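Data block below; observations after.
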Amino acid sequence: MHQHSSNDNKNIIAVIFINFFVSCFEILGGYLSGSLLLISDALHNLSDSVSIVISYIAIVLAHKKTNQKYTFGYKRAEILAAFINSGILILITLYISFEAILRFISPNKIVPITMLIFAIISFFGNILSTIILHSKSKHSFNIKSTYLHMLSDALASFAVIVSALLILYFKFYAIDSILTIIIAIYILREAIQLLIKSTKILMESSPDTLNLEEIKMAIESIDNVKNVHHVHMWSVSGNDIFLEIHIELNDMLLSQTEIIKQKVYNILKEKKINHINIQFETNSCLSKSILCEDKF
Ligand SMILES: [Zn+2]
Ligand SMILES: [Zn+2]
Ligand SMILES: [Zn+2]
C-alpha cells in the first residue's frame with residue numbers, strides 16, 4: 001500500500017496551474033510569432049492539464065473504500081482515466097500533424113525572436129512540472145504516465161527553442177513543420193502504448209506476465225487434484241491480479257480440502273495473484289476446458 005498525502009495533492013494542483021498558464025502563454029506566442037510548433041505545443045500542454053485533472057480525480061477515487069455497490073472499489077477509475085487521456089492525446093496529435101503537413105506545403109512567415117522568447121519561458125514551465133512530478137512517479141500507473149509525459153513535453157519545448165534559432169540564423173522555416181511532425185510521432189507512440197495497456201485491462205485480459213497453462217499444470221500436480229478448468233484471470237487496476245478457478249478433486253471431506261486450498265494459495269501467491277476464488281467440485285461441470293464456456 002502507498003499513501004497519498006495532502007502534499008502530493010498540492011503538487012498535482014501546482015502542476016495543473018503551471019501547465020494551464022504555459023498553454024495560454026504559448027498560444028499567445030504562437031499567434032504573435034506565427035509558429036505552428038508553439039501552438040501545437042500549447043494545445044498539447046492544454047490537453048495535459050485536462051488529463052492531469054482526470055488523473056487527479058481518479059487518484060482520489062482509487063483511495064475510496066469498497067462498498068456494497070462497488071465491491072471492487074474505485075481503482076478502475078484510474079485505468080479509465082488513462083484510457084480517456086491517451087484517446088484524447090491521439091486525436092489532438094493527429095490534428096496537429098495534419099496542420100503541420102498543410103503548412104509544410106504552403107509555409108507562412110514566422111517571427112523567430114518572438115518564437116524564441118516564448119519557447120524559452122515555456123521550456124522552464126515544463127521543466128518545473130517535470131521536477132514536481134518526478135518524485136511521485138514510482139508507484140502509480142497514471143502518475144508515472146503523467147511524469148513521462150511531462151518529460152517528453154520538456155524535450156519538445158527545447159526543440160521549439162532550437163528551431164526558433166534555426167529560423168533566426170538560417171531562415172529555415174520548414175523546421176517548424178518538420179519538428180511538429182516528429183514531436184507528434186513521438187507523442188503518438190507513447191499515447192498508443194498507454195491506450196493498448198489500458199484497453200487490455202478494461203477488456204479484462206490476463207496479465208502479460210502470467211501463463212494460464214503453467215498455472216493449471218502447477219495446480220494439477222497437487223495430490224488429489226484431478227483437473228483445473230473454467231479459469232478467469234484479470235486485473236482491476238494494473239497492480240493487482242484476480243483469479244477465479246474450478247478445481248475437480250477426488251471425493252473427500254470438506255475439512256480435508258483445506259490443505260489442498262493452502263497449496264493452491266501458495267502456488268498463486270508466488271505468482272503475485274492476490275485475489276483468489278476457488279470452487280472445489282467432484283464432477284459437476286461437463287466442460288473440462290481451461291476456458292469459460294458459459295453462454296450468458
Ligand atoms: Zn504533454
Ligand atoms: Zn467446474
Ligand atoms: Zn466463466
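Keep in mind that this is a model prediction, so the values were computed, not measured. Ligands are counted one by one from 1 in listed order, and the atoms in each one are counted from 1 as well.
Side-chain contact of Asn277 with Glu244: a donor-acceptor pair under 3.5 Å is absent, judged by distance alone.
Excluding water, every protein N/O/S atom under 2.8 Å from the Zn ion (ligand 2) is given here by residue and atom: His229 NE2, His246 ND1, Glu281 OE1, Glu281 OE2, Cys285 SG.
Under the 30°/60° scheme for interplanar angles, the aromatic rings of Phe118 and Phe25 are found to be tilted.
The ring pair (Phe, Tyr, Trp, His ring centres under 6.0 Å) test applied to Phe21 returns no partner, not counting sequence neighbours.
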I'd like a table of donor-acceptor pairs (distance under 3.5 Å, sequence neighbours excluded) in which one partner is a side-chain atom from residues 94-105, with atom names and distances.
| unit_1 | atom_1 | unit_2 | atom_2 | d |
| --- | --- | --- | --- | --- |
| Ser97 | OG | Thr93 | O | 2.7 |
| Arg103 | NH1 | Gly34 | O | 3.2 |
| Arg103 | NH1 | Asn108 | OD1 | 3.3 |

Mind listing the side-chain donor-acceptor pairs of residues 268-276 below 3.5 Å, one per line with the distance, residues two or more places apart or on another chain?
| unit_1 | atom_1 | unit_2 | atom_2 | d |
| --- | --- | --- | --- | --- |
| Asn274 | OD1 | Ile241 | N | 3.0 |

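For Ile267 against Ala218, the heavy-atom pair with the smallest separation is CD1-O, 3.6 Å.
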